[in-house]
Each structure stands twice: as C-alpha cells, then as structure tokens.
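Below is one structure, written out as structure tokens; the observations come after it.
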Amino acid sequence: MSCILGIVTVFCAPLPAEAKASKAAANAKPVTDGTSDPAIPYAVTLTPTKQADLDAAIAASSQLKSLQTSHTVGAYALAGRIRSDYDRVNSALESQGYYAGSVKISVKAGARTVDGKDPSLPDILKALGKNQKVAITISATIGPRFSLGNVALTTPPQEAPAASVPAPTPTTPTATAPAMKDPTAKAPVAKTSAKTPAGKAPSDGKAVPTPPPAAAVAATSEQAIAQAQPVSLLPEERKAFGLSSGQPAVAADVLAAQNSLLNQLQEEGYATASVSTPLAYLKPQTHTLDIVFRVNRGPKVVIGPISMTGLAHTKQRYLMNRLELKEGELYRPSRIEAARQDLASTGVFASVQVRNAPPIITLPPSRTLMPGILQAMPIEFGFKEAKRRTLSAEIGYSTDLGGRVGVSWTHHNLLGNAEQLRLTALITGLGGSAQQGLGYDVYADFMKPDFLSKGQNLSVRLEGIRQLLYSYHQTAIIGRAGLNRHVGKYWNVSGGVMGEQEQIQQFGDTRSYFIIAAPLNATFDNTQLSNPIDPATHGVRASLSVTPSESLESGSSFFTLLSAQVSTYFDLKHLGISRPGRSVIAVRGIVGSVQGAFTYQIPPDQRLYAGGPATVRGFRYQGVGPQYGKTKYGIGGTSMDAGSVEFRQRLPMNLGFAGFVDAGQVGTGSRPGQGTLRVGYGGGVRYFTPIGPIRVDVALPMNRPAYGDKWELYFGLGETF
C-alpha cells in the first residue's frame, strides 16, 4: 500500500463575490427594520411569464424575493418593500422591451388577501398573530413587446436658446421613456446623455474631451435629430454597433451597442471618442422606441511618449526593451492592454496600471509611424512592486518514498531585470517502504527572463542530491543550463546542456558515472487555462523530448532518451448529455525509449521505470517492469509505454468523483510495447477549492506481480493529468 500526502505551499484566495453573498445569506440571522415591530416571515411566489429571460430579470429585481430569508422586517417596512417592488418589477419588464406591461402584487395575510397598494396593508400586517406567515404573489402582464424604431446617430448638439425647443405638454402624444441605466439595474432607457465632469477621467483612465454645452433636451426624437449633424458609420463601425430598426427594444442590447461602437472608434485611433448614453423616446401607438446616440469621434491619434512611474527596484530600461508598444504607432486600446498584461506577467509587480496622459501633443513627422497622423496621446504606466523576497516551507509524505521536509528562499528581482534566484534545501527519506535511509536534495535555481531576446528565458540549476532507494543508492552533483522560448500561441521549446557526476550502488555493485547530456523539449498546450491546477475540459496537451547523453565513466556509452506524452479532454456537453464542464473524459498516452545502449550499459537513474500516478496507478513507484531476481526492486528498462482513461464528473456543493483505468509496461528492448502489461483501476473523490481540486484516489492492480502492493492511495492537488 502506498499513501502519498504532500504540502508544497499554502495558497489563500478570496471567495468570489457571489460565493460570499451566498454564504452570508445562508448563515445570516433574520434582520429586522430596527423598530418595535416584530419581524414578519413571508414567502414569495413569482407567476411565470413563460419568457425565461424575463422571468430571470423579474426574480433578480425583486427585493421581496432576494431578502425573504435573510432580512425579514416588521409590518411597515414590509409594506414599503412591497410598494417598491412595483417599480422594480416594472423596470425589469421595460428592460426586456415590455413598456406596456403591468405589475400586480397580492398579499395573503391570515384570512385576507389584499392588493399590495392597499393603504391599509401595514395595519393588516401589524394585526397578524405571532409567527403567522404572509404569502405574497407577484404577477406581471407583459403586453406587446416594443421594437426599435428610428435609430439615429448625431454629433453632440451646441447650446440652443430655450425657446427653440418647445417643452412637452400633457397632450403630447409621444412620451419620453424612463431613465436607462445599467441593464442589471433593470431600467431600460435614458432621457439625456451621461457626461463626465470637466477635468475628470472615466474609470478606465481614458481621456474624454469636455463636451460643448448641451442643448435643451428635445421632446421628440425628430427634435433631437434636428439639434445636430448626422454621423455616418464605416462598415466595421456599423458591424460593431449592431443596432437596427425592428429588433426588440432590449436595454442590454442598446447599451452594448453604445460600448461596442465606442470600443471600435477607439480601436481606430480615436482616443478621445465618446458615445453618449442613448436618448430614448417611446411611441406607444406603434409599439416602438426611437433611439438617438450622440457620437463624437475626436481626432485620430498615435501613441505619444511612454512614461513609467512607481519603479523602485526594477530597471526601466528592462521594461522599455520588453515593451512591444511603440511611440508613433496607431492608438489602439487592445494593444495598450496587451502591453499592460505582458508587463504584469513578469512576476515582480503587485499591480500594473496604464492610463492616457493628456493633453494631446503634436509629434514631428519623423516620430510617427502613421503617415499623416501627427497628433499623439501620451501613455503612462504605473507600477506597484511586489515583495522581492519570500520564504516558504515544504512538507510531504508518502508510504513508499517516506517523508520530506524543507525550506525555500526566493528573490524575485535579483538584479533589477526580473531575475529570480531560488535556494531550496530538503531532507528526504524519512521512512518509507522504498527507502533505506535519510537523503537530501539541495539546489539553487537562477532564471533570467528575456535573455538575448524577448520571450526567451535562461535557466540555470546547480543541485546536490542523495537518495537511498532500495533499487539503487545515488549521490550526485548536477548542473543544468538551458533556454526556454514561447513559440506561437501554444508552443514552448527548450534546449540546454547538463552535466552530472554521480556514484550509484545497485544490488551491491558501486560505480561512478559522469554524464553529459543535451536535452531538447517541445510542449504544446491549447487547453487555455489561466490556472494550471484547474482541470482541463477541452483541448490537447503534448510534449516531446530528445536527450542525447554520454556516460564517460564505468564504461563509456552513448545513448539517447526519447519520450512523448499526450493527453486530451472531451466534454460530454458535445453529445448533449451534460452541462459544459460537468462531465469530461480524459485520455493520456505515454511512450519512452532508450536508443543506442542496453539496460546495463545505462546508469540506473537514466533507465525507464513505471508505476504510480505519473504512469500506472495501482502499482507502487518502480513497481512495473523487470524486477531484480525474485524481489520487489526494479531494475529499469529501455522502453516504456502507458495509457490512461478517466471519467470526471462534477457534483453540487463543490464535489466530484472520477473513475479510471491505467495500463503500462516496461521492456528491455528499445521498442515500446514489450514487457508484461500491468493494468490498474480505481476511482476517487474531488473537492473543488478556489486554487484547484483536492484529489483522493484509490487504485487496485488487476494483475499484481510478486511482492506487489494490494492497493494504492493517492492524495494530491489538481488532477493527475
């Protein structure tokens, strides 16, 4: 039996806002309104409208519904909550285009059922007996759905005399619709356009020009259009805008069009462009809603001088060399944001912000990369540096390899260019069925980013290791150096050199080896996970390595280690039998081969082994393959192949389970597919946390070898592959 339990580091992550709210609501005690009125429990029923989006909007807008369990109140406060829900639910109707709808709220208090607007409702509620529950039913009559009528875009109007725009009278047939706000607030339209106060910038940091004095608000869409000049959109702008007459008058679509058009204009270089919150005019006779947007492109600009603030220990020259954003190129927010994210990925900053730094300046022709565009918007990056030094502890245990304990010290910005130095010391072999004594693993890692070229990292490791396994005892000094480079969107390639001086004792025979190797690796990953510990639900991961090696002591031999691994993930949502990400089939395949030498010509630590979660679960470490005599100790081989199929199912309450079958073999020839095939099977449970799933698996061997374990137990963070 092998039990693996390890803790490498501890992560603390805040719960998402939704999770916090749900947890708070579940644990909250009823809150009263602070008066002497006793809290009145009630239950809310929402009568379905048979429109899924509308029903969801009504449920989200109703305070009666959202507060019924966590914030019960007294009679007068409950009556006020009921009255306010009329406007809230009506706004939800309007947000979906139902401007002629109506809302009815009935309240059953004891034996009486009254309308929610009944003036005597507070007294009726107050007269209820202790612990009597109130039943509230909310019904909506939706009426006809309004569609968009005339959709117009104009320049901002200039100041006009008040008398030039007639004020609406009570008999005006076309009324102005209620105020449009964020669709999450369930209000559909706006009377006037939103303004940014003079001298202030919006929250995204983009400068907005001070608009001219607004003309008086027009009473009709025709008057609003007549106040200014029409604006024509280019094909790409029209595509981004996306609104047209005749489509449903849904608030979210209208506001999305405003934001999409603004983003498109800014992507075209109009850094100070503005698109107003729409003016909306109801036309009840035709069941339409006219929309007027005020659009101001402003000048087309390029990126001006780039400045950086907040740097204390990081060299600005390094960041400027890394920055792909260049002065004189067309102003595009997507390019600026990509540059911000790239600088944040260096790992030395707690935060990276970017903003426009007006005023707009004029560049000389020699400094612009866009012929004919001389106006430029300066850009400023603001940095907050993270702690440069961290100290971490590591502790772990497995029944076969025993316990380990150690400490690491890391400097994250050693020379001011985001260089990282990590010093680690571990004591290993604290017990364990595969160990014969204490060992150690001490190493220093140095990483220099952007070495000779952006995106190319230099890594160097010096390591001293001692491990007293039953299969062999090893004492070694290892030095490695290599380059890693990201190629394209999904590929990483690396290459380097390694030198290893070691002494190995195996089955009573002690030999020294000096190994020189040149490992070459390529990896592919299109699972697109921001957190590598999160389970993949789609895509492919693949790796290929080729390691030519020369052993120069105890008999010279040249050999090449070849290995390849691929895993893929299929979401059963594609078969229509599961929700996205809930049911996934994961498949893994591994092959390895040693070319150019026989088993005993290769140092024992360079041979191929199998067994354990990395290859075949249900068998102990080095438990699959040729064994020494009639013992349980592995010799190793020169070929290996293994495969896994795993079904993963998410359950409610952050739980899940998995079932799997693994198979693999190790042979003494150079061609995979040789040896005795071993098969393991099992299953486990998952508990999903903000930093990844905690995994507990139990595996059993189907064809256990002599002296093999009867079952294995694995603990871990993240999925096996």
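Side-chain atoms are counted along with the backbone in the values below, which use heavy atoms only and exclude waters and symmetry mates.
Judged purely by atom type and a 3.5 angstrom limit, D450 uses its side chain to pair as donor or acceptor with the backbone of G455. Not one N or O on the side chain of S556 forms a donor-acceptor pair closer than 3.5 Å with the backbone of L552. Formation of a donor-acceptor pair under 3.5 Å by the R461 side chain with backbone atoms of G479 is not found in this model. Looking only at distances, no side-chain donor or acceptor of T410 sits under 3.5 Å from a matching main-chain atom of R422. Between the side chain of D641 and the backbone N or O of P672, no donor-acceptor pair lies under 3.5 Å. Remark: the backbone N or O of A339 is not paired with any side-chain donor or acceptor of Q341 at under 3.5 angstrom. Checking side-chain atoms of Q501 against main-chain N and O of Y513 turns up a donor-acceptor pair under 3.5 Å. In this structure, the side chain of S639 engages the main chain of G669 through a donor-acceptor pair within 3.5 Å. Within the 3.5 Å criterion, the main-chain N or O of M447 finds no donor-acceptor partner in the side chain of E419. Although no hydrogens or angles enter the test, the distance criterion places a donor-acceptor pair under 3.5 Å between the side chain of Q674 and the main chain of R671.
Interatomic distance, L544 CG to S563 OG, rounded to the nearest 0.5 Å: 7.0 Å.
For the residue pair H538 and T527, no side-chain donor N or O sits within less than 3.5 Å of a side-chain acceptor on the partner. S471 and Q622 form a side-chain donor-acceptor contact under 3.5 Å, judged by distance and modelled atom types alone. Counted by atom type alone, S644 and D662 present one or more donor-acceptor pairs between their side chains at under 3.5 Å. Side-chain contact of Q649 with S583: a donor-acceptor pair under 3.5 Å is present, judged by distance alone. No donor-acceptor contact under 3.5 angstrom links the side chains of H313 and E385, judged on distance only. Defined by atom type and a distance below 3.5 Å, a donor-acceptor pair is missing between the side-chain atoms of T689 and Y687. Side chains of T599 and Q601: no donor on one and acceptor on the other come within 3.5 Å. No hydrogens or angles considered: nothing links the side chains of T510 and Q503 as a donor-acceptor pair under 3.5 Å.
Shortest non-hydrogen contact noted between A418 and N413 is N-OD1, 2.8 Å. Heavy atoms only, all atoms of each residue included: D697 and R695 are closest at OD2-CD, 3.3 Å. Listed here is the closest heavy atom pair of A586 and F721: CB-CE1, 3.6 Å. Scanning both residues, I515 and P603, for their nearest heavy atoms gives CD1-CG, 3.7 Å. The heavy-atom pair separating L469 from Y621 by the smallest distance is CD1-CE2, 4.4 Å. Between N703 and R678, the shortest heavy-atom contact is O-NH1, 2.9 Å.
Taking D342 as the reference, R322, K454 meet the salt bridge (charged side-chain N to carboxylate O under 4.0 Å, His left out) condition, with sequence neighbours excluded. A search for side-chain contact (heavy atoms from CB on, under 4.5 Å) contacts involving A522 returns W491, V493, not counting sequence neighbours.
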Please walk me through it: do L319 and N321 pass side chain to side chain contact (heavy atoms under 4.5 Å, CB included)?
CA-CA 5 Å; L319 298 177; N321 288 338; over 6 Å; no
Should R480 and E463 be marked as a salt bridge (Lys or Arg N to Asp or Glu O under 4.0 Å) after you check the CA-CA gap, both sets of side-chain angles, and the distance that decides it?
CA-CA 9 Å; R480 298 184 180 92; E463 181 175 17; 3.3 Å; yes
Could you go through V594 and T560, starting from their C-alpha distance and side-chain angles, then the distance that decides it, and tell me whether this counts as side chain to side chain contact (heavy atoms under 4.5 Å, CB included)?
CA-CA 6 Å; V594 180; T560 301; over 6 Å; no
Is there a side chain to side chain contact (heavy atoms under 4.5 Å, CB included) between D605 and I504 once you walk through the steps?
CA-CA 8 Å; D605 63 315; I504 290 185; 3.3 Å; yes
The test is side chain to side chain contact (heavy atoms under 4.5 Å, CB included); show your working for L343 and L323 and say whether it passes.
CA-CA 7 Å; L343 295 180; L323 191 66; 3.9 Å; yes
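Classification of the F570-H574 ring pair by plane angle, with boundaries at 30° and 60°, yields tilted.
Using a 4.0 Å cut-off between charged side-chain N and carboxylate O, E646 and R686 make a salt bridge. For R335 and E337, the salt-bridge test fails: no basic side-chain N is under 4.0 Å from an acidic carboxylate O. Note on R404 versus E394: salt bridge recorded, some NZ/NE/NH1/NH2 to OD/OE distance being below 4.0 Å.
Residue D509 forms a side-chain hydrogen bond (donor to acceptor under 3.5 Å, both in side chains) with just one option from R511, Q506, Q505, and that option is R511.
Under the 6.0 Å distance and 45° angle rule, R466 does not count as a cation-pi partner of Y440.
Each salt bridge (charged side-chain N to carboxylate O under 4.0 Å, His left out) pair with one or both residues in residues 567-596, not counting sequence neighbours, would appear here, but there are none.
Here the two rings, on Y633 and Y628, have centers that are 6.0 Å apart or farther.
Within 6.0 Å of CD1 in I427 there are 12 or fewer heavy atoms belonging to other residues, nucleotides or ligands. The number of heavy atoms from other shown groups lying within 6.0 Å of CG (L529) is above 12.
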